[in-house]
Amino acid sequence: MVARIEHLVTSGTFSLDGGTWDVDNNVWIIGDDSEAIVIDAAHDADAILEAVGGRRLLAILSTHAHNDHIDAAPELAERAAAPVLLHPDDWPLWKQTHPERLPDGELGDGQIFTVAGTELTVLHTPGHAPGAVCLYAPALATVFTGDTLFQGGPGATGRSFSDFPTIVESIRERLLTLPPETKVLTGHGDSTTIGDEAPHLEEWVTRGH
C-alpha cells in the first residue's frame, strides 16, 4: 500500500526583520493507518495531533525555519514523541523562534525517509532560507516544496537569510529536473505541477520576482 497524503491548513503569524504578518500554512501528513510523517508543524499542535490521530508519528520534517513553519514543532514533538528535523544551515533561524530548544536532528541532502513503504528524499534547495529543503516522493509523483516554489514562481527572497539568484538556481537544478507531471505541494496556497511552472523560469529571472 502506497502512503496517502493528507492536507491541513493552519493559521497564525509570520515574523521576521521586525515585521509580523497573518498567514495560512499548509501542513502535509504522509502515511497510512499506522504511521505518519508531518511536514512543517505550523501554528496549531492540537489540530495536527488530531489529524495524525492514533498513528505513530515517525518524524516532523521542517522545510525551513521561518517561525510560521516551526512554531508548533516543539509542542508536537513532545506530545507525539517524535523528532523535529531541520537542515543545519537553518539552525540560526530556528534559534530566533526557539532559543531554548534545538531541533532533534539534521536533514541532509539526499537523505531518505521511509513512511508506509514510501520514500521521501531530501533535496537541499537554499534561497528562501539557507537550509530550505524540498521532499520528493517519486512513488507519489509529488514534491513538497515548502516556500521554495509556488504556483507562479519562487518563494520570497526580500528578507534576511534569503537570496534570489540562489533560489532560482535551486529551482532550476533541483526541482525543474523532476518529471513534469510531478505535483508541487507548497507551504502556502494552491498546488501546481513541475510542468506548469517550468516554462516560466526565465520570466521570473527577468522580473527578479
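One-based numbering along the sequence shown. Excluded from the calculations below are hydrogen atoms, water molecules and symmetry mates; all remaining heavy atoms, backbone and side chain alike, are included.
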Asks: I'd like to know if the side chain of His87 reaches the main chain of Asp89, judged simply by a donor and an acceptor atom lying under 3.5 Å from each other, with no hydrogens or angles considered.
Replies: yes

Asks: List the atom of Gly146, the atom of Thr63, and the distance in Å for their closest heavy-atom pair.
Replies: CA-OG1, 3.6 Å

Asks: So, the side chain of Asp24 versus the backbone of Val9: is there a donor-acceptor pair under 3.5 Å, distance only?
Replies: no

Asks: Okay, side chain of Asp109, backbone of His124: is any donor-acceptor separation there less than 3.5 Å?
Replies: yes

Asks: Does any N or O in the side chain of Asp17 come within less than 3.5 Å of the main-chain N or O of Arg159, such that one atom is a donor and the other an acceptor?
Replies: no

Asks: Taking the side chain from Trp28 and the backbone from Thr186, do they hold a donor-acceptor pair closer than 3.5 Å?
Replies: yes

Asks: Treating Asp68 as the side-chain partner and Gly12 as the backbone partner, does any N or O pair qualify as donor plus acceptor under 3.5 Å?
Replies: no

Asks: Side-chain contact, heavy-atom cut-off 4.5 Å: Gln96 with Leu16?
Replies: yes

Asks: Restricting to non-hydrogen atoms, name the atom on Leu93 and the atom on Pro130 that form the minimum distance, rounded to 0.1 Å.
Replies: CD1-CD, 4.4 Å

Asks: Is it true that Trp94 and Val27 fall in one hydrophobic cluster, defined by side-chain heavy atoms closer than 4.5 Å?
Replies: yes

Asks: Do Ile70 and Leu58 belong together in a cluster built from hydrophobic side chains that touch within less than 4.5 Å?
Replies: no

Asks: When you measure from the side chain of Gln111 to the backbone N and O of Gly108, does any donor-acceptor pair fall under 3.5 Å?
Replies: yes

Asks: Quick check against the 3.5 Å criterion: does Thr118 have a side-chain atom that pairs as donor or acceptor with the backbone of Ala3?
Replies: yes

Asks: Compare every heavy atom of Leu149 with every heavy atom of Thr145, then report the nearest pair and how far apart it is.
Replies: OG1-O, 2.8 Å

Asks: For the residue pair His128 and His64, does the interplanar ring angle fall in the parallel (under 30°), tilted (30 to 60°) or perpendicular (over 60°) class?
Replies: perpendicular

Asks: Is Leu57 reachable from Ile39 through a run of hydrophobic residues whose side-chain heavy atoms are each under 4.5 Å from the next?
Replies: no

Asks: Could you walk me through whether Thr157 and Ser162 satisfy the side-chain hydrogen bond (donor to acceptor under 3.5 Å, both in side chains) test, starting with their C-alpha distance in whole Å, then the side-chain angles of each, then the deciding distance to 0.1 Å, before giving a yes or no?
Replies: CA-CA 5 Å; Thr157 53; Ser162 65; 5.1 Å; no

Asks: If we count only N and O atoms by modelled type, under 3.5 Å, do the side chains of Glu197 and His200 hold a donor and an acceptor together?
Replies: no

Asks: Checking His188 against His69 for the ring-ring contact (aromatic ring centres under 6.0 Å, His included) test, could you report, in this order, the C-alpha distance in whole Å, the side-chain angles of both residues, the deciding distance, and whether it holds?
Replies: CA-CA 10 Å; His188 309 270; His69 291 256; 5.1 Å; yes

Asks: Looking at every non-hydrogen atom in both residues, tell me the closest pair between Cys134 and Thr125 and how far apart they are.
Replies: SG-OG1, 3.4 Å

Asks: Should Val143 and Leu135 count as side-chain neighbours, where that means a heavy-atom distance under 4.5 Å?
Replies: no

Asks: Do Ile167 and Ile194 share a hydrophobic cluster, counting only Ile, Leu, Val, Met, Phe, Trp and Tyr and linking them when any side-chain heavy atoms are less than 4.5 Å apart?
Replies: yes

Asks: Short question: side chain of Asp104, backbone of Val84 - any donor-acceptor pair under 3.5 Å?
Replies: yes

Asks: Is it true that Asp32 and Arg55 make a salt bridge, defined as a side-chain N closer than 4.0 Å to a carboxylate O?
Replies: no

Asks: Using the rule that Ile, Leu, Val, Met, Phe, Trp and Tyr join whenever any side-chain heavy atoms are under 4.5 Å apart, tell me whether Ile37 and Leu107 fall into a single cluster.
Replies: yes

Asks: Could you tell me whether the side chain of Glu75 and the main chain of Ala45 form a donor-acceptor pair under 3.5 Å?
Replies: no

